[in-house]
Amino acid sequence: QTITQSGDYVVRLQNSFGCDSLLHYNMLFLPTHKTIIDTFICNGFSYQLPNGTSVQQAGLYVDTLTNTFGCDSIIKINLSVKEVLSNLFLGNDTTICDIDNLLLTLNYPNEVSYLWQDSSTQNNFNINQEGIFYVKVTDVCTAVSDTIKVKTKDCSCTFYLPNAFS
């Protein structure tokens, strides 16, 4: 007889002389504990599984551990690998006309944060005056930054129309 659930069971045994014995069992099955972990590592790093193995690739890893009662604890780890941010380049230092502006727009994934020199946090910055401008882009794996120097010049045109007295 195969027992698959908790309960009271009686087993009858009989020896070669025809004598029998009854054995009473109270079976208690403790449940298997299952845990699912969704986590990530940054590209180039490793993750240590509960059994001590280090992995560096995304995937579903299953580990079975035995607790003090002899029961299994099944741990499923759904591991993803996040790429590091690419280098940031705001452009070469430049000069703009004093009546113009320069719009710097960065296109990184949604999970990043931006911090410009004036503490603004948008993915773009409008420059309309001379100065040195700085941005730092961070995510859970990386921080990249760059600086650009912008000068302004007078680009207005003054027309000289001579008259009879000039």
Side-chain angles (χ1 to χ4, degrees), residues 2-7 9 25-157:
T2 303
I3 299 172
T4 59
Q5 59 185 1
S6 297
Y9 295 91
Y25 292 101
N26 180 311
M27 300 297 294
L28 176 63
F29 286 90
L30 298 175
T32 299
H33 183 72
K34 296 179 183 177
T35 302
I36 298 174
I37 299 171
D38 286 312
T39 191
F40 69 90
I41 57 173
C42 300
N43 192 12
F45 287 82
S46 62
Y47 182 84
Q48 186 171 358
L49 299 173
N51 69 6
T53 304
S54 290
V55 294
Q56 292 182 313
Q57 294 181 338
L60 180 63
Y61 297 92
V62 180
D63 225 345
T64 303
L65 305 175
T66 304
N67 68 17
T68 55
F69 299 109
C71 300
D72 289 339
S73 294
I74 299 172
I75 301 172
K76 291 183 179 181
I77 300 166
N78 186 20
L79 182 66
S80 60
V81 178
K82 293 193 180 273
E83 294 299 321
V84 296
L85 296 176
S86 60
N87 288 336
L88 173 60
F89 182 61
L90 292 177
N92 294 323
D93 293 348
T94 190
T95 301
I96 61 172
C97 295
D98 56 6
I99 60 170
D100 289 337
N101 62 41
L102 175 64
L103 180 63
L104 301 176
T105 302
L106 303 175
N107 293 311
Y108 281 99
N110 292 335
E111 302 88 28
V112 302
S113 62
Y114 302 92
L115 182 61
W116 295 89
Q117 77 288 335
D118 68 348
S119 298
S120 62
T121 58
Q122 295 79 21
N123 73 321
N124 58 54
F125 191 80
N126 192 31
I127 299 172
N128 57 13
Q129 64 185 14
E130 198 167 278
I132 297 174
F133 302 91
Y134 169 89
V135 65
K136 182 177 183 181
V137 181
T138 57
D139 70 358
V140 294
C141 294
T142 321
V144 292
S145 61
D146 195 25
T147 302
I148 187 171
K149 184 177 183 179
V150 177
K151 292 184 179 183
T152 59
K153 67 177 180 177
D154 182 6
C155 297
S156 60
C157 296

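Residues Ser86 and Tyr108 have side chains in contact (heavy-atom distance under 4.5 Å, counting atoms from C-beta outward). Side-chain contact check for Val62 versus Ile74: some heavy-atom pair is nearer than 4.5 Å. For the pair Lys82 and Val140, the minimum side-chain heavy-atom distance is below 4.5 Å. By the 4.5 Å heavy-atom criterion applied to side chains, Lys76 and Leu60 are counted as neighbours. Leu104 has its side chain within reach of Leu102: a pair of non-hydrogen atoms, C-beta onward, lies under 4.5 Å apart. Side-chain contact between Tyr25 and Ile3 is absent, with no heavy-atom pair separated by less than 4.5 Å. You'll find the side chain of Phe125 stays beyond 4.5 Å of the side chain of Val135, heavy atoms only. For the pair Pro50 and Leu65, the minimum side-chain heavy-atom distance is below 4.5 Å.
Listed here is the closest heavy atom pair of Ser120 and Asp118: OG-OD1, 2.7 Å. The two atoms that bring Phe133 and Gln117 nearest to each other are CD2-NE2, 3.3 Å, heavy atoms only. In this structure, Ser80 and Ala58 approach most closely via the heavy-atom pair CA-CB, 4.0 Å.
In this structure, CD on Gln57 lies 9.5 Å from CD1 on Ile41, to the nearest 0.5 angstrom. The CG atom of Asn107 lies 9.5 Å from the CG atom of Asn124; values are rounded to the nearest 0.5 Å. Atom CD1 of Ile77 is separated from atom CG of Asp63 by 6.0 Å, given to the nearest 0.5 angstrom. Here the CG-OG1 distance, from Asp100 to Thr95, works out to 12.0 Å after rounding to the nearest 0.5 Å. A distance of 11.0 Å separates CG in Asp98 from CG in Asn128, rounded to the nearest 0.5 Å. In this structure, the separation between CG on Asp38 and CG on Asn78 is 4.5 Å, given to the nearest 0.5 Å.
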Result block: side-chain N/O donor-acceptor pairs under 3.5 angstrom for residues 143-154, not counting sequence neighbours:
unit_1, atom_1, unit_2, atom_2, d
Asp146, OD2, Leu90, N, 2.7
Thr152, OG1, Glu130, OE1, 3.4
Asp154, OD1, Ser156, N, 2.9
Asp154, OD1, Ser156, OG, 2.7
Asp154, OD2, Ser156, OG, 3.3

